[in-house]
Amino acid sequence: MRLWLCGLLVAFSSYAADPGAPVTVDTLVQDLGGADKAARVTARQLLPKQSIEAVPKLFPLLNSENPDALWAAMRVLEDFANQVGVAGREKERQKVTDAIMTLLAKEQSPVSREKGLRLLPLVVPEGYDVAPMAALLRDAEWREKARESLSLLNTHEARKALADVLKETDDAFRVAVLDGFAVTKHAENVKPALAWAKEGTPEVRLAAARALAWTADMKLVPLFQSIRTEVPDALRKDAEDILLRLADNLARSGGKWEYAMRIYRDVLKTSASIPVRGAAVSGLGRYGDDTVVADIIAATASQRDLEGPALNALRMLSGNASSQAMLEAYPSASESMRAAMLDVFGSKKDARFLPFLNEATKSTDPQTRTAAVAALSASELPGAVEALAGLANTGSAEDKALATGALTAMASAMVARGESDAAGKAYYGLYRAAATDELRAQALEGIKRYPVAESFDLIIQHLGEGDVAKMDAGTLAGLVKALFDAGRKEEGQKLIAELFPRMTAPGDVRKIVEFLLPILGPDELAKRLGVVRKWRAVGPFPWSAAEAFTKTHINEPNVDLKATYTEGKDTLSWKPVETGDLLGVIDFMGSMGTLSNVSAYAFTRIHVDAATDAQVRCGSDDGIKVWVNGVAVHENNVDRGTAPDSDRAPIKLKAGDNDLLVRVTQGGGGWNFCLRLTQPDGRTLAFTPVDF
Amino acid sequence: MTSLAMIFICAAGISAQEPLVFERQLISPRIFEAASVMDVNRDKHPDIVSGEFWYEGPDFTVEHRIGDVPVVGEYYDDFSCYPMDVNGDGWMDFITGGFFGCMLRWRENPKDSNKEWPLHEVAKTGNIERACFYDIDNDKKLEVFPVTKPVSIFKLDCTRKGKGKGKGSFTQYNIDKGNGGHGFGCGDVNGDGRPDVILSGGWLEAPEKTYDTNAWVWHDEFKLGSASVPVLVYDVNADGKNDLIVGEAHNFGLYWMEQGTDGTNRTWVKHSIETGRSQYHDLQLCDLDNDGEIELVTGKRYRAHNGHDPGDWDPLGLYYFEINKGQFERVTIDYGDPKQASGAGIYFWLADMDGNGWTDIVAPGKQGLYLFKNQGR
């Protein structure tokens with residue numbers, strides 16, 4: 001290390017007046033205080049790497065007339081102070097402290113004493129006698145700087161020195177010391193502060209109370225209440241502010257929530273100071289629940305100046321219960337408050353507020369309409385689109401501009417959040433409201449990218465080359481329905497053939513059913529989807545998630561439909577189950593009961609004319625295993641609800657009859673499954689159920 | 001404390017029935033959802049046991065490892081924690097179980113604070129939503145209900161014909177009746193002095209001989225839905241008939257079912273206690289304020305279904321309710337954001353931890369493990 005340092009010093013040889021002279025602490029200190037800026041920079045870097053013997057040698061520079069030298073010397077001293085603070089350097093820390101403490105001596109210059117007080121909090125260790133610092137607390141000229149230094153130091157000795165001076169100083173300095181206690185928040189300061197809170201002048205009592213509020217001690221509540229009562233009128237708002245600080249800490253500390261709310265309510269109700277009442281309202285908003293909503297709104301009835309804090313408070317209150325309370329209290333609010341609350345309602349992004357916001361768009365007051373539009377936009381709820389579009393169509397030019405702007409913003413926000421349906425609705429609303437061709441074109445582009453049911457007609461009118469190829473199954477099904485509705489059946493029939501291979505997501509089946517059921521009817525649609533609706537089932541058999549499908553009950557994959565099975569005292573046998581459900585959902589709860597930790601089997605047989613590859617698509621609540629002709633083709637031990645097409649598996653069907661066996665597990669709640677057969681790409685598979 | 005609170009109340013013009021004051025202590029930020037209290041090291045100070053650790057009383061600042069608990073997503077497979085000297089060695093063990101492991105088990109106290117607790121499997125029972133513990137046979141010893149289907153009772157095998165110490169094993173009895181789901185309780189519904197079993201879809205009437213499992217009678221009289229574990233059996237309106245207090249474990253609401261009669265048949269009428277807060281998964285009755293009346297103690301189970309339940313993102317809360325013969329009055333102990341407030345977890349515990357004569361609350365959950373020291377009024 002020493003060799004490395006020597007090398008570094010040689011490298012910096014150009015800074016020295018005499019390049020050949022050895023580099024020492026003295027030469028570095030000389031350079032730090034000299035006129036050569038480059039040499040000062042180098043000395044600033046190197047000095048903290050020297051021994052702590054450099055510390056006292058730097059003190060003369062604290063009185064330098066060169067501000068750069070003074071600044072650099074302080075930084076180096078701070079570096080030394082910080083470096084010796086680490087574990088293992090206690091002796092050096094002691095020496096540095098001793099050295100810096102000498103700066104406080106009377107014979108030292110004011111600058112040295114001031115710098116000494118700034119450096120000492122960085123270096124004085126716990127247990128060090130701070131008498132020289134404490135002595136300055138009794139010097140009128142130095143006491144504030146000494147107080148600040150001791151407060152920052154915050155060792156036991158520093159706290160004791162500050163507590164001691166409380167007894168023998170004037171009220172102004174007493175207040176300053178106590179205010180320092182409020183910052184340091186140390187348990188040792190509680191006892192002296194408590195004494196002054198009880199016995200001091202009003203100003204001192206208030207400062208002492210401020211120093212105690214952080215403790216969240218319930219014993220302080222009556223004391224603070226009495227201070228509030230006993231201080232002169234001019235100081236009452238300060239006493240109330242301190243009471244609110246205590247309430248904040250009570251609420252935060254846990255276990256005293258009710259008392260915190262009581263303080264907020266009491267101050268809100270009885271204070272003559274509007275800012276203090278506003279602070280009480282803020283406290284209710286920060287820490288309160290649904291029960292404070294009525295208090296907040298009631299406060300604004302007699303004092304409009306409280307509307308700002310009240311709105312912020314309502315915005316801070318979260319949760320279902322608080323939202324419900326706001327809805328209930330809304331009618332009781334003043335007219336101005338009701339208008340202002342629209343913004344809060346929008347920020348909640350809760351559909352329960354929509355009726356109020358929608359109604360407000362019809363207000364005769366332009367400011368209310370503006371607020372409603374902004375809130376609807378901020379709500380980012382699909383349900384807001386209709387009201388905004390309505391306003392855009394029927395409102396004034398100003399309303400129209402506001403509403404279309406809000407719809408544009410909503411659409412963008414929905415796209416960013418990946419909420420396609422909501423984005424589509426917003427674009428559709430924007431299209432209807434757009435006043436310019438440019439805006440309409442922008443909306444149409446969005447509609448095509450995020451199509452929704454209500455916009456299908458519009459899309460058909462504006463179908464461009466390649467548009468169909470980009471559409472998913474649900475969109476395409478909607479278009480088919482729109483074409484049929486428009487009497488364009490031939491075009492619709494063509495598109496139906498395109499539909500089935502596009503069913504890639506579990507939700508696609510339901511969308512297709514929604515749109516195609518009125519066109520094809522239930523039987524034809526079920527046939528085209530390949531839904532299997534007739535089964536024989538047996539169960540329940542005991543089951544647990546841990547065992548998955550490892551334990552057998554019917555000698556699967558073999559199936560004997562005439563067999564019976566004994567489970568406890570029950571004899572189980574195969575029974576026909578058939579569903580009229582379009583998606584073929586077989587509900588075991590209906591046939592076997594509301595049970596937990598069980599499973600059941602279902603069997604059916606289908607016929608195909610020729611051997612073919614195919615696909616089984618199923619959904620289940622909860623897990624499912626599928627066998628085709630005795631071969632396990634799919635297994636999913638899962639806890640879930642049923643969604644058609646949740647699972648898919650490739651299968652091979654032989655020419656003639658084919659057996660399908662399914663086992664469905666049940667942890668708790670619903671218990672059912674659905675299954676359909678398709679060609680490998682999802683197109684309709686031609687097969688017929690077999691009676692057996 | 002009483003006088004101080006009263007001064008404040010008078011100054012603020014507040015009514016006479018004052019809320020209890022609690023000192024909250026964060027025991028651990030760990031997110032195990034079950035906790036209980038027992039004197040683990042026999043030093044006469046109650047200790048807190050929760051998940052993989054126990055915390056040494058009276059300060060609870062020193063923690064000791066118990067052993068691994070399987071993790072499934074954000075759940076620990078440890079949904080209960082009941083102190084019981086299972087093996088009769090004079091050291092308190094505890095019984096637990098979880099939804100995912102499907103196993104009722106007990107942890108053996110190693111009698112050494114620096115050793116892990118051996119794990120013993122009692123039975124493969126299926127998903128344990130949360131085990132319950134009741135004296136179903138009125139022998140002054142609690143039996144274990146893993147809350148599964150069918151209803152299973154695990155009775156600790158004891159020396160001296162069942163009246164002595166535990167022998168480290170259990171005898172299992174199954175009641176193959178009833179229509180269960182989420183929710184379980186135990187108490188005397190029909191006033192015959194025998195504890196009956198409450199399930200989500202009705203109740204099982206206890207026979208004269210508890211373990212004549214075929215003699216239990218199913219009454220399909222109500223639908224509690226996704227009910228709390230436990231459902232409490234208590235005469236809410238003091239009419240001489242026990243009612244039910246039910247929390248919505250995975251939805252909004254807390255309510256009681258009033259037991260009545262239409263002259264011929266038993267009737268149940270639902271009365272809401274709360275509608276705006278959700279996930280009241282665990283409920284307990286206790287005279288928390290030492291006024292001679294029972295209070296309902298409960299709170300939110302934070303993220304009961306990992307963010308998928310209604311109200312999952314609403315503020316957390318821990319409460320007690322003055323029952324007032326059915327005019328329930330909520331008193332908030334703690335409320336707010338999960339970073340600064342506590343709920344009740346799936347299995348919280350009530351005990352006087354500091355011997356001041358007031359019952360304290362040990363509240364675990366995904367917000368961390370807290371102790372609320374009851375300071376009275």
Side-chain angles (χ1 to χ4, degrees), chain A residues 216-226 228-229 243 250-263 265-267 269-270 286-291 317-325 540 542-547 567-570 593-598 639 666-669, chain B residues 1 3-14 18-24 99-103 124-127 129 148-149 174 176 179-182 200-201 226 252 274-278 310-311 313-315 317-318 330-337 340-342 370 372-375:
Chain A
D217 188 338
M218 280 293 295
K219 288 195 289 291
L220 297 175
V221 177
L223 175 62
F224 283 22
Q225 290 280 17
S226 66
R228 181 192 184 197
T229 308
L243 199 51
L250 291 174
R252 269 198 296 266
S253 68
K256 301 149 191 161
W257 186 90
E258 295 280 358
Y259 288 93
M261 295 304 115
R262 286 178 174 197
I263 291 173
R265 287 185 170 110
D266 177 42
V267 172
K269 195 173 173 185
T270 58
R286 264 196 308 278
Y287 301 109
D289 64 0
D290 51 303
T291 62
L317 288 168
S318 63
N320 168 68
S322 294
S323 292
Q324 187 60 39
W543 172 86
S544 73
E547 76 184 41
E567 277 303 326
K569 292 173 183 170
D570 296 328
T594 307
L595 303 170
S596 301
N597 301 314
V598 290
D639 181 3
Q666 157 70 336
Chain B
M1 182 57 74
S3 60
L4 289 167
M6 286 306 294
I7 292 167
F8 164 53
I9 278 69
C10 294
I14 293 163
E18 293 317 308
L20 293 169
V21 174
F22 292 83
E23 292 292 336
R24 186 181 69 191
F99 187 86
F100 303 98
C102 304
M103 179 70 74
K124 195 86 172 170
T125 58
N127 309 111
E129 179 65 30
T148 51
K149 170 71 183 173
N174 288 343
D176 295 316
N179 194 351
H182 199 297
S200 177
S226 189
F252 289 110
E274 285 233 347
T275 56
R277 300 175 194 219
S278 72
W313 301 101
D314 288 1
L318 181 66
R330 184 185 65 228
V331 181
T332 299
I333 299 169
D334 205 7
Y335 183 82
D337 185 273
Q340 66 174 38
S342 179
Y370 286 90
F372 289 84
K373 292 183 191 167
N374 190 343
Q375 308 295 298

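Residue numbers start from 1 in every chain, and the chains themselves are labelled A, B, ... in the order their sequence lines are given, proteins ahead of strands.
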Problem - Atom pair NZ/CZ of Lys256(A) and Phe372(B) - distance to nearest 0.5 Å - result: 10.5 Å
Which atoms of [X] are under 4.5 Å from chain B, going by heavy atoms: the side chain, the backbone, both sets, or neither?
| X | result |
| --- | --- |
| Glu258(A) | both |
| Thr291(A) | side chain |
| Asn320(A) | both |

Exercise for the section: Among the options Gly288(A), Gly319(A), Ala251(A), pick out the one with the most heavy-atom pairs lying under 4.5 Å from chain B. Expected result: Gly319(A)
Problem - Most chain B-contacting option - heavy-atom pairs closer than 4.5 Å, from Ser253(A), Ser323(A), Ala546(A) - result: Ser253(A)
Heavy-atom proximity to chain A below 4.5 Å, by part of [X]:
| X | answer |
| --- | --- |
| Thr275(B) | backbone |
| Leu318(B) | neither |
| Phe252(B) | side chain |
| Asn127(B) | both |

Problem - Sub-4.5 Å side-chain heavy-atom contact between Lys149(B) and Val598(A) - result: no
Practice task
Would you mind reporting whether Arg24(B) and Trp257(A) have side-chain heavy atoms less than 4.5 Å apart?
Solution key: no
Completion exercise
Here the pair of heavy atoms bringing Gln340(B) nearest to Tyr287(A) is NE2-CD2, 3.9 Å
Handout entry: Exercise: identify the closest heavy-atom pair between Tyr335(B) and Ser318(A)
Key = OH-O, 4.1 Å
Problem - Option that, when pairs with chain A are counted at under 4.5 Å, heavy atom only, ranks first among Ile333(B), Asp176(B), Thr332(B) - result: Thr332(B)
Problem - When Pro315(B), Cys102(B), Ser226(B) are compared by non-hydrogen pairs under 4.5 Å with chain A, the top option - result: Pro315(B)
Practice task
Check whether more than 12 heavy atoms from other residues, nucleotides or ligands sit under 6.0 Å from atom NZ of Lys124(B), and answer yes or no.
Solution key: yes
